[in-house]
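Got a structure here, written out as structure tokens. Questions coming.
Residue numbers begin at 1 in each chain, while the letters A, B, ... track the order of the sequences.
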Amino acid sequence: MFEVFRITLKGIFRDRVFHGILVAAVLLPLVPSVSQLSMRQVTELSITLSLSLISFILLLLSVFLGGTSLWKDIDRRYTFSVLSLPISRTRFLLGRFLGLAAFLLLAALVLGVVACVVVSITAGNYPPDRPVVWGNVFAAIVFDALKYILLVAAAVALSTVSTSFFLPVFGTIATMLVGSASQQVYEYVQSPAGEKLTPLLRQCANALYYVLPNFSAFDLKVNAIYGVPLSGQGTLLTVLYFAVYVAMLLLVATVLFSRREMK
Amino acid sequence: MNAIEIAGLSKTYTGKKWTRVDALKNLSLEVAQGEIFGFLGPNGAGKSTTIKTLLGLIRPSSGSARLMGEDIGTAAARKHVGYLPENPAFYDYLNAEEYLLFVGRSFGMPEGLLGQRCAEVLQRLQLWDARKRPMRSYSKGMVQRVGIAQVLIHDPEVYILDEPMSGLDPVGRALVKEIMTELKQRGKCVFFSTHIVSDVESVCDRVGIITKGELRSVERVEAVLERGVVGYQLTLKDREGSRELYVPREQLTTTVGELAVQGVEITLLEPRRKSLEDFFLEIVTGTAV
């Protein structure tokens, strides 16, 4: 499994898609200048822009690398040679996933360090009313990375059954959209306005809320921007949710991939 | 213990419009260690399906098979095998050396031995100069050579090669045949599929012919060639000089006797035989050639 992990990382670093997406990171040094557009909350805006840019880059990486990694292996017939080695399909799949996950974490950390430099420059020039809580900024970046690792797990699961490029890529984008909106939809259904909906629709919405991923818990941007203290229990539950959800997705993915025939 | 044991292997697909496609029908076969077995058949006969089933890439609908005594579909069975897929494709962002190291490590080879074997096979397959270049820049023949190199690196007991000569120039083809012969001498089992009859004729001990998913014949190549003698070409010498004469197989004894009476000297006697290709065509088309 470690060998698959290693060549997955090598593949990403040599991938043109990665090089292309990396170009977006050159926007980070521009954040202090753009943040000056805010007359009063320059540092807060710099944190917002930095975290949003990091999130956007991680989203692109998870969709285009996560969604195409396994699909490409099957489509280009790399699997014929690799799966004939004494590596079980489960280990191969886990190696692929762990490589992608490690890369996302690494990318988030590198981008996070650059963002911290950018924010500290801005905070030095325009001291904020509330001091920057670096722990919260760090937590926001790590939880953002966890969110996209979960998305990669969904992308890998979709790739195991896909015969074309569309399902893993567009399915991953759809998962992202649904996961970002599921909490709001749930809250709407529970609100007085939601009571006007038919009982069947409400039950469906409730059921989907528990089945589909919920990414809102991973969003700690407000805590990072305004220095709002993190809830210890909340973050622990989010980590637990992440671990269980990823484990379930990978379990489904390994079952499906083990049954797939490499014609 | 046989290197490859296949018992009643069948594979049925659901084709277009839910039609049933019998890709393999009750295939049974044994291949011994130290044997080169040619698996011959026209395109779409079921050669690659058989091979992919042996490697666990496809699940059989029924039947069983073992590689060096291990059930197919397990990592333990694949541990004994070097597999070259048809028209192979490897991670093209890696170079040949990196890919061979990946393969060797997957087989759990110790680093020292792996480095040594890697250098040996790269040189043998004439890839040494290109070893640091990404494989995406390789020609088809070079990729095929990487394919051969990656089956050799861990020195397995069983070599399963799907169209190993495909994409190779005459020098490459000769090299692969030479490697196969060497493997046989070292007691390894080589099972290779092809639709090129001359490849089988030149290196194989036995040949299996498959058509429409059914194994139609398994023969010793030597026996096929011996059985295929249809006549003899005689070179004669008498007072008038040298001449040649073709004699059907059944008339040889009589003709030799008559020539002796006439005082004609036989300077050369060469058998004329049906080729393996004729044998193959007879089975595939169902008519004598």
Between atom CE of M262(A) and atom CD1 of I58(B), what is the distance when rounded to the nearest 0.5 Å?
10.0 Å
State whether the side chain of Y93(B) and the backbone N or O of I7(A) hold a donor-acceptor pair below 3.5 Å, judged by distance alone.
yes
Heaviest contributor of heavy-atom pairs below 4.5 Å to chain A, chosen from G108(B), S106(B), P85(B), P134(B), is S106(B)
Region of K52(B) that comes under 4.5 Å of a non-hydrogen atom in chain A
side chain
Is atom NZ of K25(B) surrounded by more than 12 heavy atoms (other residues, nucleotides or ligands) closer than 6.0 Å?
yes
Would you say that more than 12 heavy atoms from the other residues, nucleotides or ligands in this model lie under 6.0 Å from the CZ of F64(A), or not?
no
Do side-chain atoms of E3(A) reach the backbone of V103(B) as a donor and acceptor pair under 3.5 angstrom?
no
Contact list (residues 88-117 of chain A to chain B, heavy-atom gap under 4.5 Å, by number) returns S88(A), R89(A), F92(A), R96(A)
Look at atom OH of Y13(B) and say whether more than 12 heavy atoms of other residues, nucleotides or ligands are closer to it than 6.0 Å.
yes
Kindly determine whether F102(B) and L85(A) satisfy side-chain contact (heavy atoms from CB on, under 4.5 Å), including the steps that lead there.
CA-CA 10 Å; F102(B) 163 66; L85(A) 302 174; 3.8 Å; yes
F13(A), CZ atom: more than 12 neighbouring heavy atoms under 6.0 Å:
yes
Please determine if E98(B) and R14(A) form a salt bridge, counting it only when a charged side-chain N lies under 4.0 Å from a carboxylate O.
yes
Distance-minimising heavy-atom pair for A75(B) and P86(A):
O-CB, 3.5 Å
Under the side-chain contact (heavy atoms from CB on, under 4.5 Å) rule, what do F2(A) and R105(B) come out as? Steps first, then yes or no, please.
CA-CA 10 Å; F2(A) 178 69; R105(B) 286 177 187 138; over 6 Å; no
Approximate separation, where rounding is to 0.5 Å, of S84(A) OG and L54(B) CG:
12.0 Å
Counting only non-hydrogen atoms closer than 4.5 Å, can you tell me which residues of residues 71-83 of chain A sit against chain B?
D73(A), R76(A), R77(A), Y78(A), T79(A), F80(A), S81(A), V82(A), L83(A)
Taking everything shown except R259(A) itself, do over 12 heavy atoms lie less than 6.0 Å from its CZ?
no
L94(B) vs K10(A), test: side-chain contact (heavy atoms from CB on, under 4.5 Å). Steps then yes/no.
CA-CA 8 Å; L94(B) 298 178; K10(A) 257 186 195 168; 3.8 Å; yes
Which atom of S258(A) lies closest to which atom of R59(B), heavy atoms considered:
O-NH1, 3.9 Å
